[in-house]
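Read the structure below first, then the notes.
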Amino acid sequence: MLTRAKSNDLIAPKFLPQYAQEAVPRYTSYPPATGFRDDLTEEDWARWMKNSCAAPKVSLYLHIPFCKSMCWYCGCNTTIPNRRDRIERYLKALHQELQDRAAELPADHVVEHVHFGGGSPDMLTPQEARSLLLAIHQHLNLSTNAEIAFELDPRGVTQELADALVEGGCNRVSLGVQDISPDVQKLIHRVQPLSQVEAAIDILRTAGISAVNLDIMYGLPAQTIERVQETAKAVADLNADRVAVFGYAHVPWFKKHQKAIPEDQLPGPEARFAQMLAAASTLTQSGYSAIGFDHFARPDDAMSQAVKEGRLRRNFQGFTDDDYDILLGLGASAISETAQGYAQNQPDPARYGEAIRERGSAMCRGLERTPKDRAIAARIETLMCRDEIELAELSKAERAALAPFAREGLIEVFDDRLYVTKAGRPYTRNIAARLDPRFAETEGRHSRAV
Ligand code: SF4
């Protein structure tokens, strides 16, 4: 009789159009943000803070919604400011929000993770970055071992900025590489020779930031399997600690700038799937461990350790080793999370600033989670982070909905547990959707699985 581990390794993933092209939530939250409502109030947030556990672990996310120029594939909440004072006004509001929200946290909180995302946080001047980091040190109980991470555009990295980040305690950076081919870079309006990425990493590592994450993509115009492999090989050669592999989501009706992407040069669904597999096998052959379905980490990285110890989590940034009780999201579009629910800020940077100035809060939508939501969230998170779930937790209807996945070898049952197989990993989001009673209501409002 086969052991589960051997059976799991037997079938390689294959392209299954009914799942690869199905629009399913990313499950970076549950319920997904598409289910957030407009009636969330400050009183709800205050109650959640009051009910939070003793000595909560807090993570901080700060959104910097500015970039120097627009990449045509971009799906982030960002803008290209025409005047520097727009950034300055925004930062003033961000400082205010940081101070106010920090004061509402239980006094015995401890901050273990800080993440600056965007946009491009390298749009901050060294002085602005210093001042924000100083404010965090001043207003929050920052753990001495806290991870402080910045997303950076390699084209915006300077020695002065790197020095300011290190001075403020930054110890991890994420840089977007996407694809190293000049042809692809031209078509996505993000020209950054590999030498520029190498130089940026060199500056950051020499300044004292040892942990470097790199992001690459598949499904971009003019991408081929060979180009994806070359890119994956390049990021492995750059010795990235973690690599995230994201599929390009083409939604030009929603993100207007994506209209500049030549659709006739986009790879089809099967080619996208092959590119995704090519990136994964290049990275695993280069010594990386696969984490979930789109992350890869060096075996000695904290995320690989979290997998071994069963501590991997999933949040708005994807897979993470961050096990916060409270996520405080600051800035335009940022989402805060507690066990009780989610609260999202106004997405438009100018309106965010106005809301902070005029009423001291930019929270505009969110959702209070019911005990049932929390139970479903825990099941989906377990499935996504551990590739398994207790069979007893599934209803008869859910087992029936999952039967086609078992027939395709994407899941299997051993010892009263349901496991996602190696062949099923690319379809984990589809499998999770069968555990989501709200999925039918939101169908069609998500990105496709692969
Ligand atoms: S740098 Fe990042 S956030 Fe800015 S436009 Fe490009 S992809 Fe979007």
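All residue numbers in this chain count up from 1 along the given sequence. Atoms within each ligand, like the ligands themselves, are counted from 1 in listed order.
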Indicate yes or no: does Lys186 engage Asp183 in a salt bridge with an N to O separation below 4.0 Å. no
Of the listed options (Glu151, Arg190, Met123), which comes nearest to atom 2 (Fe) of ligand 1 when hydrogens are ignored and any heavy atom counts? Arg190
Ionic contact status for Arg172 with Asp301, cut-off 4.0 Å: yes
Closer than 4.0 angstrom, basic N to acidic O: yes or no for Arg357 and Glu354? no
Protein N, O or S atoms lying under 2.8 Å from atom 4 (Fe) of ligand 1, listed by chain and number: Cys67 SG
Quick one: nearest non-hydrogen protein atom to atom 7 (S) of ligand 1, plus distance? Tyr73 OH, 3.4 Å
Ring centres under 6.0 angstrom apart (Tyr73, Phe246): no
Do the two ring centres, one from Tyr427 and one from Phe293, sit under 6.0 Å apart? no
Please check if the distance between the ring centroids of Phe15 and Phe273 is under 6.0 Å. yes
Do the charged groups of Asp323 and Arg311 touch, with an N to O distance under 4.0 Å? no
